[in-house]
Amino acid sequence: MYLSRLPLTTLKETPADAETVSHRLMLRAGLIRRLASGLYNWMPLGMRVLHKVQTIVREEMDRAGALELVMPSVQPAELWRESGRWEDYGPELLRMKDRHERDFCLGPTHEEVITDIARHELMSHRQLPVNYYQVQTKFRDEIRPRFGVMRAREFIMKDAYSFHLDEQSLLEGYELMRDAYRRVFDRLGLEYRIVQADSGAIGGSRSEEFLVLAATGEDAIAWCDADGFAANVEVVSIAASGNAAPDPSHERELVATPGVGTIAELARFLGTGADRCLKTLLVKGNETPAVALLLRGDHELNAIKAQNLHGVAAPLTMLRGAEVEAATGCEPGFLGPVELPVPMHVDHAAAELSDFVCGANRPDYHYTGVNWERDVDLPGVADLRTAVAGDPSPLGGGPLSVARGIEVGHIFQLGTKYSDAMDATVLDADGNKRSMHMGCYGIGVTRVVAAAIEQNHDEHGIIWPAAIAPFQVIVVPINPDRSEVVRETMAELHDRLSEAGLEVLVDDRAQRPGFKFADADLIGIPHRIVIAERGLKAGQVEYKGRSESDVTLVPVESIVDFLRSRA
RNA sequence: CGGGGCAUGGCGCAGUCUGGUAGCGCAUCUGCUUUGGGAGCAGAGGGUCGGCGGUUCGAAUCCGUCUGCCCCGACCA
């Protein structure tokens, strides 16, 4: 393809709103254009990348025996009522009515529809197992779309759903998908990890995430090389250290702390550490208006763990200022467990504190030198906090490391959650009706593109992994309008490389060399060939790989073989 | 949803406080020159200053209201 025929508008200036590298580069390179918040147009160059990702995904799904189909993105509400998710899914589900006032939604995922298909099409255990998949547009009305296509509202997902007679078969199907996913991400050329994960709104039992390692990732993963543990930090359980709280050495004292309402301010005000303070968080309860959660000041509450506690309403909801006052008689910022009139849970680490600091349930006052049992009964102890680097691995192999990542794939064992709710059954060999066991498996196709850029770029632009580059080779003629031999060689290389099956982009625009080099680097084509009059005198053109700094001279006639040896 | 901010040619911004004929850079078009890392000169086109309402002789600028967009935020207790 000749670049003069591709309206490529690259931007020299960085768009103001783009925060992350991938978002900036995708806009600057003309891969995407924003239509509205969280909604993006995929321009021709970006579409080529998207196609390549989709092709790899399809090839590996087909190889694993999955069957492609496509389901509507508009879905009738009845199905969602059947599964219970019309009520459960919340405002992320975009709902609408048709002209007859019937309820519909834009599909954020397709468990309901596929289960409906399965209960009509699958009757006998002899048809199982089956795995259906599609590559299709999803819509999730995110609270805050951001980072370009990384967290967009409309995005492309490959979703697959498997149906099995029993748990053993589900396990086998799950492993098959796990292997297929590994092949997909290996072929994409991405550095990733597979980690245990929370199954969230999709439901089911076991699930694992595929995370592309990148500093800008929205997820954090914890792992231990010694024992092979790896999980999303939000699901890492933290055992009690086994250390009892040291004996009290201070008397409890009421201290005036005017206006000191945060842990950071408190620690500074008292000249102590946040890890010597107790923070008291009030959340909505399901039996009482409020439940208090007590954590060490330097620790973070883990929402998933907290909402599984007895008495805590799910999803976890923090109380607002007025609600806190109604429940405790004190404004936020000065709460503590001493004589607090609400049910409480305390984290292991907080239960091991002695002589700690906490709010006095009086505005502008805290207690110091507080001790469990002596000053306040120790509430139920639980694992409430999110793991951090250095916490012990649950498998006992030593301290955990923590890194950030981008979730690009997620696989679940759903079990019979949807098949029970929607009566998706088959007859087994004995003629008995049995709910099918289900698995579901997703890859964020559009997000993969952004993740690839986060992981592969430099100060000049994108450096595409070979498998998903929009073109493999870019040919840059120097001043073609002034040199007939350059012009001829340009046309010759275009034809020869194309015939050799290479995807070639020829920059025949009437631009100066520097301009073309800058664009070639920005759009990240892996292989670059420069045609110049001076090299042609020796019958040579110049080759440079996108991530290399040195140029190689190659005879014109052997350029195809040379490129093949590099590809 | 709460808090903060922004809205002025295609993009990035100034001008708003202190009302008086709408500007800069990039991009686009034409011509000449230039030609190995985002060229120079000359000229040209393109904006009802987000919408509506108000104040005023006069509004991008002041007031009200609506809309859109961006950032931060379950961490505060």
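Labels below follow one simple rule: chain letters A, B, ... track the order of the sequence lines, proteins then strands, and each chain is numbered from 1.
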**OP:** Scan A/Arg528 against the nucleic acid and name what it touches under 4.0 Å (heavy atoms): base, sugar-phosphate only, or nothing.
**Re:** base
**OP:** Identify, residue by residue, the members of residues 271-284 of chain A with a heavy atom below 4.0 Å from RNA chain B, and return them in order of residue number, or none.
**Re:** A/Lys279, A/Thr280, A/Leu281, A/Leu282
**OP:** Take atom P in B/G5 and the same atom in B/C11, then report the distance between them in whole Å.
**Re:** 24 Å
Original post:
Contacts to RNA chain B from residues 473-489 of chain A, heavy-atom cutoff under 4.0 Å, which residues?
Top reply: A/Ile478, A/Asn479, A/Arg482
Original post:
Which base sits across from B/G64 as a Watson-Crick or G-U pair, both distances under 3.5 Å?
Top reply: B/C52
Original post:
Hey, does A/Arg385 reach any base, or is it just sugar-phosphate, or nothing, if we go heavy atoms under 4.0 Å?
Top reply: nothing
Original post:
Roughly how many Å is it from CZ in A/Phe517 to P in B/U35, rounded to a whole number?
Top reply: 15 Å
**OP:** Report the distance from atom CG of A/Leu93 to atom CH2 of A/Trp86, rounding to the nearest 0.5 Å.
**Re:** 6.0 Å
Subject >> Pairs meeting criterion side-chain hydrogen bond (donor to acceptor under 3.5 Å, both in side chains) with involvement of residues 272-290 of chain A, two or more places apart >> reply: none
**OP:** Assign A/Leu293 to base, sugar-phosphate, or nothing according to its heavy-atom contacts below 4.0 angstrom with the strands shown.
**Re:** nothing
Original post:
Can you list the residues that meet the side chain to side chain contact (heavy atoms under 4.5 Å, CB included) rule with A/Asn41, with sequence neighbours excluded?
Top reply: A/Arg33, A/Leu35, A/Met43
Subject >> Separation between the P atoms of B/C32 and B/G25, rounded to whole Å >> reply: 24 Å
Original post:
Taking only residues at least two apart or on different chains, which pairs with a member in residues 540-555 of chain A satisfy side-chain hydrogen bond (donor to acceptor under 3.5 Å, both in side chains)?
Top reply: A/Asp458-A/Arg546, A/His527-A/Tyr543, A/Glu548-A/Arg566
Original post:
Which nucleotide, in any strand shown, forms a Watson-Crick or G-U wobble pair with B/G36, with both distances under 3.5 Å?
Top reply: none
Original post:
Tell me the side-chain hydrogen bond (donor to acceptor under 3.5 Å, both in side chains) pairs involving residues 508-518 of chain A, sequence neighbours left out?
Top reply: A/Ser4-A/Asp508, A/Asp507-A/Arg509, A/Arg509-A/Asp519
**OP:** Return yes when atom OH of A/Tyr365 has more than 12 non-hydrogen atoms of other residues, nucleotides or ligands closer than 6.0 Å, and no otherwise.
**Re:** no
Original post:
Considering only the C1' atoms, how many Å lie between B/G43 and B/G4, rounded to the nearest integer?
Top reply: 45 Å
**OP:** Could you say whether A/Thr9 or A/Ile531 is positioned toward the 5' end of RNA chain B, judged by the nucleotide with the nearest heavy atom to each?
**Re:** A/Thr9
Original post:
Would you call A/Arg151 and A/Glu142 a salt bridge, using N to O less than 4.0 angstrom?
Top reply: yes
Subject >> With A/Lys305 via salt bridge (Lys or Arg N to Asp or Glu O under 4.0 Å) - residues at least two apart >> reply: A/Asp383
Subject >> Candidates B/C1, B/A39, B/A74 - which lies nearest the side chain of A/Arg512 >> reply: B/A39
Subject >> Cation-pi check, A/Arg95 onto A/Tyr89 ring (under 6.0 Å, within 45° of axis) >> reply: no
Subject >> Nucleotide nearest A/Asp521 (side chain, heavy atoms from C-beta), chosen from B/G37, B/A74, B/G38 >> reply: B/G37
**OP:** Please state the C1' separation for the pair B/U65 and B/G47 - nearest whole angstrom.
**Re:** 25 Å
Original post:
Counting only non-hydrogen atoms, which of residues 532-540 of chain A are less than 4.0 Å from RNA chain B?
Top reply: A/Ala532, A/Arg534
Grab the N/O contacts between the protein and nucleotides 43-47 of chain B below 3.5 Å, and write none if there aren't any.
none

Original post:
When the C1' atoms of B/U16 and B/U61 are considered, how many whole Å apart are they?
Top reply: 4 Å
Subject >> Spacing between A/Lys305 atom NZ and B/C75 atom P, to the nearest angstrom >> reply: 18 Å
**OP:** Using the six-membered ring of A/Phe155, assess whether NZ or CZ of A/Arg447 lies under 6.0 Å from its centre and within 45 degrees of the ring axis.
**Re:** no
Subject >> Interatomic distance, A/Ile523 CD1 vs B/G38 P [rounded to whole Å] >> reply: 18 Å
**OP:** Working to the nearest 0.5 Å, report the span between OH of A/Tyr40 and CZ of A/Arg153.
**Re:** 10.5 Å
Original post:
Between atom CZ in A/Phe515 and atom C1' in B/A39, what is the gap in whole Å?
Top reply: 11 Å
Original post:
Quick one, which residues of residues 332-364 of chain A touch RNA chain B with a heavy atom under 4.0 Å?
Top reply: A/Pro332, A/Gly333, A/Leu335
Original post:
Could you give all pairs that pass the salt bridge (Lys or Arg N to Asp or Glu O under 4.0 Å) test and reach residues 480-496 of chain A, with sequence neighbours left out?
Top reply: A/Glu492-A/Arg496
**OP:** Test A/Arg252 against A/Asn371 for side chain to side chain contact (heavy atoms under 4.5 Å, CB included), laying out the working first.
**Re:** CA-CA 8 Å; A/Arg252 189 179 77 180; A/Asn371 286 275; over 6 Å; no
Original post:
What is the pairing partner of B/A59, taking Watson-Crick or G-U wobble pairs with both distances under 3.5 Å in any strand?
Top reply: none
Between protein and nucleic acid, restricted to nucleotides 68-72 of chain B and to nitrogen or oxygen atoms under 3.5 Å apart, what atom pairs and distances do you find?
from: B/C69; atom 1: O3'; to: A/Arg34; atom 2: NH1; distance (Å): 3.4
from: B/C70; atom 1: OP2; to: A/Ser37; atom 2: OG; distance (Å): 3.1
from: B/C72; atom 1: OP2; to: A/Arg144; atom 2: NH1; distance (Å): 2.4
from: B/C72; atom 1: OP2; to: A/Arg144; atom 2: NH2; distance (Å): 2.5

Original post:
Out of B/G73, B/A74, B/G37, which has the shortest distance to the side chain of A/Lys544?
Top reply: B/G37
Original post:
Tell me: CD of A/Glu542 to P of B/G36, nearest whole Å?
Top reply: 12 Å
Subject >> Distance (rounded to the nearest 0.5 Å) between A/Phe147 CZ and A/Met26 CE >> reply: 14.5 Å
Original post:
Does B/C24 have a Watson-Crick or wobble partner in any strand here, with both distances under 3.5 angstrom, and which is it?
Top reply: B/G12
**OP:** Using the C1' atom on both, measure B/C69 against B/C26 and round to a whole Å.
**Re:** 22 Å
**OP:** Please give the nucleotide sitting opposite B/G73 as a Watson-Crick or G-U wobble pair, both distances under 3.5 Å, or none.
**Re:** B/C1
Subject >> Rounded C1' spacing from B/C57 to B/G51 in Å >> reply: 26 Å
**OP:** For A/Glu339, look at atom CD and say whether over 12 heavy atoms of other residues, nucleotides or ligands are found less than 6.0 Å away.
**Re:** no
Subject >> Rounded distance (Å) that lies between atom C1' of B/G36 and atom CG of A/Leu553 >> reply: 13 Å
**OP:** Could you tell me the separation between the CG atom of A/Leu27 and the OG1 atom of A/Thr9, rounded to the nearest 0.5 Å?
**Re:** 10.5 Å
**OP:** Round to a whole Å and report the spacing from CG of A/Asp507 to P of B/G36.
**Re:** 15 Å
Original post:
Which base, if any, makes a Watson-Crick or G-U wobble pair with B/G43, both distances under 3.5 Å?
Top reply: B/C29
**OP:** Please assess A/Leu31 against A/Ile453 for the test side chain to side chain contact (heavy atoms under 4.5 Å, CB included), listing each intermediate value before the final yes or no.
**Re:** CA-CA 12 Å; A/Leu31 270 51; A/Ile453 295 171; 4.3 Å; yes
**OP:** For A/Lys12 and B/C13, give me the distance from atom NZ to atom P, rounded to whole Å.
**Re:** 16 Å
Original post:
A/Leu319 near the nucleic acid: base, sugar-phosphate alone, or nothing, with a heavy-atom cut-off under 4.0 Å?
Top reply: base
